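Right, one structure below, let's go through it.
In the text below, chain A, chain B and the rest are named by the order of the sequence lines, each starting its count at 1. Because the structure is predicted, anything quoted here is derived from the model rather than measured.
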There are 2 protein chains.
Amino acid sequence: MNSQDVILGLLLNRPRSGYEIKSAFEAPLAYFFDASFGTIYPTLAKLEKLGYIEKENVVQDNRPNKNVYSITDSGRERFMAYMNSPLDVETYRSDFMVRLFFGEHQSREKLIEWIRRGIEQAKREVSKLREERKRWDAGMSPSQRICADLGVELNESKIRVLEEGLRQFEEQLQ
Amino acid sequence: MNSQDVILGLLLNRPRSGYEIKSAFEAPLAYFFDASFGTIYPTLAKLEKLGYIEKENVVQDNRPNKNVYSITDSGRERFMAYMNSPLDVETYRSDFMVRLFFGEHQSREKLIEWIRRGIEQAKREVSKLREERKRWDAGMSPSQRICADLGVELNESKIRVLEEGLRQFEEQLQ
DNA sequence: CAACCCATGTAAATCGTTACATGATTTG
DNA sequence: CAAATCATGTAACGATTTACATGGGTTG
């Protein structure tokens, strides 16, 4: 899976501009894949060159003009080939957890501080995801609802584990 | 955070060869960061050139010789600078979840099949992590235990959410 | 009028994966 | 004797981030 596959998937629903694709990377999709403008625009150019999408320039009155891309039959085929290809292995990359892993090389106070911040951060994330989940709920497919739920659940797991860890660190301080 | 930081962290405990570093990427660390030989060896060469680590060639009888690297004072400083630098944002990249997100473009049967496999996969992962957690438990620091617990918990969350999703899909089939 | 949103792109640099290349030793 | 483990590296390629560059329109 790469940005090509995901962008084709987004264009399968409806034509979009690069800017609109960027804003489609919100929860719940953003939780599992994200791309910046520096990826999106070159990828659109490449997909067009490959014949998977077509560009149409749309003139707007009150806003800058935009290039709206739609998926072609060839693009649909390519997307379906991706959907049936072998799954990539999942990766969860966490600087925060790596630092915890190396926590022996920090003071207990600092570790406690880190964990507290991690908990706060995860709580903010849960609020954000729940809010977005409510906001998009009507338009979500059943499988998208699973994605949204997982985003929330993963963060809640994290909160539970960190709170339990924090409790143990604090006990040892007394 | 990048492979340089993580490798320095591993060398902080004890000197290791590239091959030994690779095998240090097991649970729970591997769950949050991983590196291949193609990353490890060039990174070691770079770290040595930068003066963060030192190479010693160790001759072995029954095995091929190896290059064992130890961290220098400069390397320790560099690692501590990393530990106190701003946190990178976490990324959870999941091909599986992205395909679920685009699930509208698949048959319900296929989706059910996918979700079942996802559940099985997560269960295998839980077994593996629990086993490794038991195996390393004695030698783990308190914060490493948090890492190990989180690996298990995240997978269990995933199993719960997928099982609930599966239930809903199956209901609709009847 | 400042800040923010809309809108598109490029270029350099970094980072990492995969495959290739090699070879000794041990274990079943 | 085959397979697995130990051991080190390179090279090509692909992917992505970050910063740069530009500029119109809207909103408070």
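- Side-chain contact between B/Asp34 and A/Thr91 is absent, with no heavy-atom pair separated by less than 4.5 Å.
- B/Asp88 has its CG atom 11 Å from the P atom of C/dG16, to the nearest Å.
- When the P atom of C/dT14 is taken as reference, atom CG of B/Leu50 falls 12 Å away, rounded to whole Å.
- With D/dC6, D/dG24, D/dT16 as the candidates, the nucleotide lying closest to the side chain of A/Pro64 is D/dG24.
- Checking D/dG9, C/dT18, D/dA15 against every side-chain atom of A/Lys46, the shortest atom distance belongs to D/dA15.
- Ring pair B/His105/B/Phe102 is tilted by interplanar angle, where 30° to 60° counts as tilted.
- Residue A/Ser17 has no polar side-chain atom (N or O) positioned under 4.0 Å from OP1 or OP2 of C/dC6.
- The separation between B/Asp34 atom CG and C/dT18 atom P is 10 Å, rounded to whole Å.
- One interatomic measurement links the two molecules: NZ of B/Lys66 to C1' of C/dG23, which rounds to 17 Å at whole-angstrom precision.
- A sub-4.0 Å separation between OP1 or OP2 of D/dT17 and a side-chain N or O of A/Thr39 is present.
- Between A/Glu90 and the options B/Arg93, B/Lys158, B/Arg99, a salt bridge (charged side-chain N to carboxylate O under 4.0 Å, His left out) holds for only B/Lys158.
- The side chain of B/Tyr19 lies closest to D/dA7 when the candidates are C/dT10, D/dA7, D/dG9.
- In the set C/dC6, D/dT10, C/dG23, the nucleotide with an atom closest to the side chain of B/Tyr41 is D/dT10.
- At C/dA7, one or more side-chain N or O atoms of A/Gln60 fall inside 4.0 Å of OP1 or OP2 (strictly under the cut-off).
- For A/Arg93, no side-chain nitrogen or oxygen approaches OP1 or OP2 of D/dT16 to under 4.0 Å.
- Closest to the side chain of A/Phe37, from the set C/dA7, C/dA24, C/dT8, is C/dT8.
- The phosphate of C/dT17 has OP1 or OP2 within less than 4.0 Å of a side-chain N or O from B/Ser36.
- With DNA chain D read from its 5' end, the first of the two nearest nucleotides for B/Gly18 and A/Asp61 is the one closest to B/Gly18.
- Straight-line distance from the CG atom of B/Asn57 to the C1' atom of D/dG9: 14 Å, rounded to whole Å.
- Put simply, B/Asn67 has a side-chain N or O that comes within less than 4.0 Å of OP1 or OP2 on D/dG9.
- Taking the six-membered ring where the residue is Trp, A/Tyr92 and B/Phe32 present perpendicular rings, their angle passing 60° and hence far from 30°.
- Position along DNA chain D of the nearest nucleotide to B/Ala45 versus A/Asn62 favours B/Ala45 as the more 5'-ward residue.
- Regarding B/Ile40, its CD1 atom lies at a distance of 14 Å from the C1' atom of C/dC15, rounded to whole Å.
- In the set C/dT25, C/dC6, C/dG9, C/dG9 carries the atom at the smallest distance from any side-chain atom of A/Tyr69.
- If you take NZ of B/Lys22 and P of D/dG9, they are 16 Å apart, rounded to a whole angstrom.
- Between B/Asp137 and B/Lys134 no salt bridge is recorded (no basic side-chain N to carboxylate O distance below 4.0 Å).
- Going from atom CG of B/Leu44 over to atom P of C/dG16 covers 13 Å, rounded to whole Å.
- Regarding contacts with the backbone of C/dC15, a side-chain N or O of B/Asn2 is found under 4.0 angstrom from either OP1 or OP2.
- Salt-bridge annotation for A/Arg167 and A/Glu163: absent, with no side-chain N of the basic residue lying under 4.0 Å from a carboxylate O of the acidic one.
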